[in-house]
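Single-structure report; data block below.
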Amino acid sequence: MVIGRGRETGANGRGFCYHYASGTALPVPADESRACPRPPSGSFLEVMPRMIHMRNVSKYYVEDKPALVDVDVEIQSGEFVFIVGHSGSGKSTLIRLLLRELLPTTGEIVIAGQDVIRMKSWKVPYLRRNIGCVFQDFKLLPNKTAYENIAFALEVIGKSRHVIRTQVPEVLRLVGLEDKIDSYPDELSGGEQQRVSIARAFVNRPPLLLADEPTGNLDPQTSLGIMKLLERINKTGTTVLIATHDREMVDTMRQRVIALEGGRMIRDQDRGVYGYVD
Amino acid sequence: MVIGRGRETGANGRGFCYHYASGTALPVPADESRACPRPPSGSFLEVMPRMIHMRNVSKYYVEDKPALVDVDVEIQSGEFVFIVGHSGSGKSTLIRLLLRELLPTTGEIVIAGQDVIRMKSWKVPYLRRNIGCVFQDFKLLPNKTAYENIAFALEVIGKSRHVIRTQVPEVLRLVGLEDKIDSYPDELSGGEQQRVSIARAFVNRPPLLLADEPTGNLDPQTSLGIMKLLERINKTGTTVLIATHDREMVDTMRQRVIALEGGRMIRDQDRGVYGYVD
Amino acid sequence: MSINLGYFIRESVVNFRRNWVLSLGAVITIYLSLLLVGVSLATSVVVTNIVKSVEEKVSIQIFIKDGANSSDVTSLQNAVAKDDLVKSVRYISKEEALRIFKEQTMKESPEIVEQLEDNPLPASLDVELKDPRNVEQMVVKIKANPDFLKVCDRPDKPEESLKYSEQTVKKLFALTNIVRVVLAAFIGMLAVVSLIFINNAIRLAIYARRKEIGIMRLVGAGNWFIRTPFLLEGVIQSLIGAALAIATLGVVRAALMPRIGEALPFLPMSVNTTASLQISAVLVVSGVLIGLVGAAFALRRYLKV
Amino acid sequence: MSINLGYFIRESVVNFRRNWVLSLGAVITIYLSLLLVGVSLATSVVVTNIVKSVEEKVSIQIFIKDGANSSDVTSLQNAVAKDDLVKSVRYISKEEALRIFKEQTMKESPEIVEQLEDNPLPASLDVELKDPRNVEQMVVKIKANPDFLKVCDRPDKPEESLKYSEQTVKKLFALTNIVRVVLAAFIGMLAVVSLIFINNAIRLAIYARRKEIGIMRLVGAGNWFIRTPFLLEGVIQSLIGAALAIATLGVVRAALMPRIGEALPFLPMSVNTTASLQISAVLVVSGVLIGLVGAAFALRRYLKV
Ligand SMILES: Nc1ncnc2c1ncn2[C@@H]1O[C@H](COP(=O)(O)OP(=O)(O)OP(=O)(O)O)[C@@H](O)[C@H]1O
Ligand SMILES: Nc1ncnc2c1ncn2[C@@H]1O[C@H](COP(=O)(O)OP(=O)(O)OP(=O)(O)O)[C@@H](O)[C@H]1O
Ligand SMILES: [Mg+2]
Ligand SMILES: [Mg+2]
């Protein structure tokens, strides 16, 4: 329950260049400045005005029963968007399409100018390194500790051990897990695992952050802390897309809301609310 | 989104002896009556006035950092209890102790008159067959379809194929998954998996139902349907214990609430609320 | 709890089909292991045949002095023929001995034999034994026979009148014993190796499904409820593996054996039908046993409550 | 992307330790497979030695007529000795021939030789070849030598004057060829079997970790980033397996070989140090190769993007 604490400690400037760890810009030490430009120069995903473009996207896992039908979504760089919908309405499917975990049955998907569907398969890892993703089922590596799980995301993009050793504890602190650094996933509670997954998603400060139900296993207070953190991350320019059921959170944040129902987009509303009063 | 529908269909009495599938008692067909007595005669867990008794229970996974400290809980047969608390406060640990997935470091646990700690290991399966449990991470068998996963819980207790073939589709319908009967867990959305887990927990109508975060992956409307279902199950005499973060649900239901904080019981309140306004 | 046999069988078959990577792995392991065992069993059959055919050639020759009383010879022959150890006794006259000598030993320079003025070779009794291992024992018996001293060609040195190529016999037995020991060791080694392989495969299979097993536990499944499908699956895999191994050996026997036989006509290389049926039976039984035992051991390790 | 070698090595070692069930399984598989390969290689070395020692006994005899001109004989001897195929030529006089005949062929009844009035055996030249396989070729060469017709003991039928136990040689070569083919087939079979076992073990290991691999994918790890630790792990396992196999073979060689040698003094059963070093090298190299290739194949199947 230390999201607040984490934020404050972040603010007293340990020399770590997490811009969104505090409201004020921190002095960036010389040896770190190369490692932490945001947006990364020469990034795979250039900063384009249009971050996500989906047109006429449909996904049929099995014939007859589509998981997504004719979805058109345009998301600009720097937006903060909620995706809401009943269980089974296609939220996770949409996120998995953006991560190219799946290919759509029809339609086109362009992320930051890159055609995701026609992308060469060797390029896919580079796409994914520029998208942070919080998975609904966490997807932590069971043989790695919390620290190693997060470090892995940095090792993949070839960060130096020095950078890893400073950044990983910092993000773990931001999600309130500084004392669980060496725990394996099966030694963590559900909410703790979810927070490790969140930390992994933004540790390499990707231009695009996808989160599938990031607070499903968290109590309201911790959820709020995570949401505030995501908002801060968004403020530094990261595009954030969150699939969620958390009515309270959606209603509090008053951001753009896209609603799905049976795979169809039924609502796209700026400064929206969760909807469905029952 | 068919919890409502499920309930209604349940009420038009297909000859299935789910007492809690409808508000009114159903006529029980002769050939089913033997298979469906509630409480089961000669059940392993006798219906005792005191269902759960925990005294001085502490659990240390590692030294110094206890997950539970000196917890005393008394739950009578037929009660409906919420356990709330921050992420990592020990809710899942408490449930795993009741299921004897873990043994406590100190203290005593008695369920329906059975000493869980000194229980012979060959008796443990019989204990578990009388406790339905919804796990936070679902724990569905990946090689079995939704149908087979639920059927498994009945096969374990030696139910006939006939009973299985009528009851399994019925409970799947109650949680709104009648059209996902033959889907494997990785073909189901997060919420659908959670509902399969819920269906499995109550399909053999256990005297005690434990649920760890049963609506974490469900939208508010589906959550409410599930809660209503759990309430009906409780009305038929089943003791229900739910660990949850869903403030809305706890506040609506107005049932007994036990709050944990850092492994200690800090509140035990009849007709309580979630608490912690922030 | 009513035990649901149908459930277990269905379960094992379904598991077998769904986890085909694991199943295939186990089947391949068992198949190869049993194939190795089968090959070595067949080899041992062949070698035993060869050894037998060589052993059969071991016989005792009793040399008879020229002009021995023929009734004495007959009585010796009868006495020896009646012995339990003896298979047959054959009288070889001087003339026959010379002919054999000329045809076999002197085949390449028969002119030497023609130079001989008179026949230097003695007549003899050729004693063939039921089991050549008893040769020493039989020699003692013959020496003890009173007729022997009467007819033998060197009464002063009776042992010179008996020929049974002592050394050849000893060497041969040394060799066949070594061959037997080596083969037994080899088969033993292969059996152990196969057992380790199979245990290993099952261990990996259970390791790969440890989560599943844990979940079954938590839903209230008892030890045997969890174990039985694994055991049955092990048996199914073993049976398939054994069937494949037997089929392969059958093909090899049908296709290769005759050719080897042609190439090596002087060695009896055949494995007869009885032997190959026995080998098949051994493979099936040991396959199933190994499967069961391996699965049981592996399960013991991972399936404590 | 800066490639982080340290990361890969750390990763493989850590994986190796954490997934010890899988690692142990793979090590055992590789160990046993290589042990089988090693045993058959050693067997082939021993058999080759035995075959060589038998082959060395093959020689050509040239029979010389009584009273041949001794300078002709010497010139024939010199001509043959100079040939590239020939290792040595030895002159055996009539007297020596009779002595050898008496001592070797007639060992058991030397009295027959003593009955002979004059020496029926011819003198001869004994030609030993460098490679007994060239015997036919050498025979042709000798026949073409002009001195040969002058000195040979049957100028009418020159082929009768040359003895090289045609049949024995042919039989021997048939046998040694069969032994070689059988051994090669056996080693080939074991190699294939080992490869399948190892591929299988790696496939199971990857199957057991398929979720992990999927997660790595989703976090943006490239093919080689995922593959390298698996490959390195495969190599580590192979090396451990090979080391164990070599150690076992070494122990067997030190402990068992001398005893077998004692029991069978007439067979050259030793495996010399060079050969055993070569076998060790083969095991290490093939172990690593098999590990790499097996892992690569298995990864190919499961590691498409
Ligand atoms: N691999 C699959 N094969 C077949 N059907 C699938 C598969 N994955 C998902 N589905 C189906 O597609 C539909 C949409 O699933 P999706 O996971 O996108 O839902 P969701 O909105 O994320 O739901 P939740 O809120 O419950 O997580 C569901 O009905 C689900 O059963
Ligand atoms: N196997 C384990 N080994 C070590 N520590 C553990 C283990 N399991 C849980 N813990 C720790 O015990 C504490 C309580 O965990 P528990 O799972 O009971 O929390 P929870 O209340 O269920 O939290 P959540 O709401 O996030 O699921 C946590 O701090 C967790 O890290
Ligand atoms: Mg989802
Ligand atoms: Mg929990």
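A, B, ... follow the sequence lines: proteins, then strands. Residue 1 opens every chain.
- Applying the salt bridge (charged side-chain N to carboxylate O under 4.0 Å, His left out) test to residues at least two apart or on different chains, the pairs with a partner in residues 233-251 of chain D are D:Arg209-D:Glu233.
- Side-chain contact check for D:Val219 versus A:Arg128: every heavy-atom pair is 4.5 Å or farther apart.
- Not a single ring-ring contact (aromatic ring centres under 6.0 Å, His included) links A:Phe135 to another residue, sequence neighbours left out.
- For A:Arg200, the part lying near chain D is the side chain, with the backbone staying farther off; criterion is any non-hydrogen pair under 4.5 Å.
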Under the side chain to side chain contact (heavy atoms under 4.5 Å, CB included) criterion, do A:Val156 and D:Phe225 qualify, and how do the steps go?
CA-CA 7 Å; A:Val156 158; D:Phe225 197 83; 3.6 Å; yes
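- No donor-acceptor pair closer than 3.5 Å links the side chain of A:Arg129 to the backbone N or O of D:Ala221.
- Remark: A:Asp186 CG is packed, more than 12 non-hydrogen atoms of other residues, nucleotides or ligands lying under 6.0 Å away.
- Using a 4.5 Å cut-off between heavy atoms, A:Phe138 does not touch chain D at all.
- Contacts from residues 141-149 of chain A to chain D, taken as heavy-atom pairs separated by less than 4.5 Å, involve A:Leu141, A:Pro142, A:Asn143, A:Lys144, A:Glu148 in sequence order.
- The minimum heavy-atom distance between D:Gly220 and A:Pro125, with the atom names listed, is O-CB, 3.4 Å.
- A heavy-atom distance below 4.5 Å is not found between the side chains of D:Ile215 and A:Leu140.
- For residues 130-141 of chain A, the set of pairs meeting the salt bridge (charged side-chain N to carboxylate O under 4.0 Å, His left out) definition, not counting sequence neighbours, comprises A:Asp137-A:Lys139.
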